[in-house]
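Here is the structure we will look at.
Throughout, protein chains are lettered first and strands after them, A, B, ... in sequence-line order, and every chain is numbered starting at 1.
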There are 2 protein chains.
Amino acid sequence: MPQKISSAEWEVMNVVWEKQSLTAAEVFEALPKGHGWKQKTVNTFLTRLVDKGVLAADKQEKAYVYTARVAREKSVRIEGDSFLQRVFRGATGDLMLHFCENAELSADEIRELELLLKKKKARK
Amino acid sequence: MPQKISSAEWEVMNVVWEKQSLTAAEVFEALPKGHGWKQKTVNTFLTRLVDKGVLAADKQEKAYVYTARVAREKSVRIEGDSFLQRVFRGATGDLMLHFCENAELSADEIRELELLLKKKKARK
DNA sequence: ACGTATCTCCTACACCTGTAGGACATATGC
DNA sequence: GCATATGTCCTACAGGTGTAGGAGATACGT
């Protein structure tokens with residue numbers, strides 16, 4: 001039911017989810033520089049996210065404060081499933097192998113993954 | 001250099017990569033039913049993929065035969081990186097954990113992953 | 001050779017996305 | 001109170017995407 005979040009909108013949502021509650025100016029400030037987006041552009045993204053029901057805009061004196069209405073986990077699951085279907089036709093194993101091969105993982109991350117796999121095996 | 005492949009186009013590419021060389025009608029035939037796409041719609045996707053340089057169209061008598069000009073592995077890497085950045089800000093570990101938690105994995109897949117992780121650890 | 005089935009080519013159109021600009025309301029410093 | 005800064009609202013516009021339709025060329029059966 002939450003509508004699709006576009007690529008640029010994800011950037012915005014990532015900062016909102018992290019910082020919880022911010023004004024448009026604060027979002028602009030917190031965004032990784034390098035996109036080269038103007039404040040106005042960021043405002044557009046915010047408005048669209050509100051239209052999509054992903055953000056709530058709360059008028060405080062002076063300016064709106066934006067807050068997420070959709071949990072990050074939920075959006076990640078939707079986007080993840082979509083990616084999984086599109087690119088790997090739902091084969092999670094293939095997906096995991098791909099990222100496992102094509103990515104750097106810290107020793108810690110590897111340990112954590114091994115643990116998770118062990119638990120998964122045990123649960124069978 | 002290959003342009004972005006849209007969601008519907010991925011479906012098409014998936015069958016082309018699998019079957020190697022097909023006509024528009026064959027692609028249409030091979031596509032998972034349930035999209036409800038008309039032949040004309042599929043044709044549009046094929047044309048656009050040719051424009052993007054992802055497919056080659058080869059005029060045989062009667063009809064064009066389409067073939068991939070870009071290796072699946074390459075497109076998967078590009079799309080994968082983009083997804084990784086967008087949703088997990090580049091944190092592969094988080095991505096892996098997400099799919100590990102949210103997905104069914106066969107015993108075989110788990111074994112294979114464990115093996116890969118072990119190799120990765122060894123290579124440090 | 002003629003009708004019929006195929007295929008391709010060109011065209012369309014609405015909605016989404018990235019990218020803002022300008023007008024107008026409002027708060028703030030002095 | 002007035003100029004200035006800040007924020008919101010509405011508008012725009014080109015390129016990408018999903019979704020085809022119709023016209024015209026071509027091959028095929030008889």
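When the P atom of D/dT26 is taken as reference, atom CD of B/Q60 falls 17 Å away, rounded to whole Å. The distance between atom CD1 of A/I5 and atom C1' of C/dG18, rounded to the nearest whole Å, is 17 Å. If you measure from atom CG of A/N43 to atom P of D/dC10, you get 14 Å, rounded to the nearest angstrom. One atom, CD of A/Q39, and another, P of D/dA5, lie 16 Å apart when rounded to the nearest Å.
Relative orientation of the B/F83 and B/F88 rings is perpendicular, given thresholds of 30° and 60° on the angle between their planes. Ring geometry, A/W37 versus A/H35: the interplanar angle falls under 30°, so the pair is classed parallel (tilted spans 30 to 60°).
Checked by atom type, the side-chain pair A/Q39/A/N43 shows a donor-acceptor distance below 3.5 Å.
Residue A/S7 is in sugar-phosphate contact alone, with no base atom involved, counting any heavy-atom pair closer than 4.0 Å across all strands shown. Across all strands shown, B/F45 has heavy atoms under 4.0 Å from base atoms, whether or not it also approaches the sugar-phosphate.
Proximity note for A/K40 (side chain, C-beta onward) versus C/dG18, C/dG21, C/dC9: the nearest is C/dG21. Listed nucleotides D/dA12, D/dT19, D/dA20 differ in distance to B/R48; the shortest reach to its side chain belongs to D/dT19. With distances taken from any side-chain atom of A/K52 to the nucleotides C/dT8, D/dA20, C/dT17, the minimum falls on C/dT17.
For the pair B/K121 and A/E114, the salt-bridge criterion is met [side-chain N within less than 4.0 Å of a carboxylate O].
Taking side-chain N and O atoms only, B/S6 has a distance below 4.0 Å to OP1 or OP2 of D/dG18. Put simply, B/W37 has a side-chain N or O that comes within less than 4.0 Å of OP1 or OP2 on D/dT19. OP1 and OP2 of D/dA27 both lie 4.0 Å or more from every side-chain N or O belonging to B/K62. At C/dC9, one or more side-chain N or O atoms of B/Y64 fall inside 4.0 Å of OP1 or OP2 (strictly under the cut-off).
Positionally, the nearest nucleotide of DNA chain D for A/A63 lies more toward the 5' end than for the other of A/T44 and A/A63.
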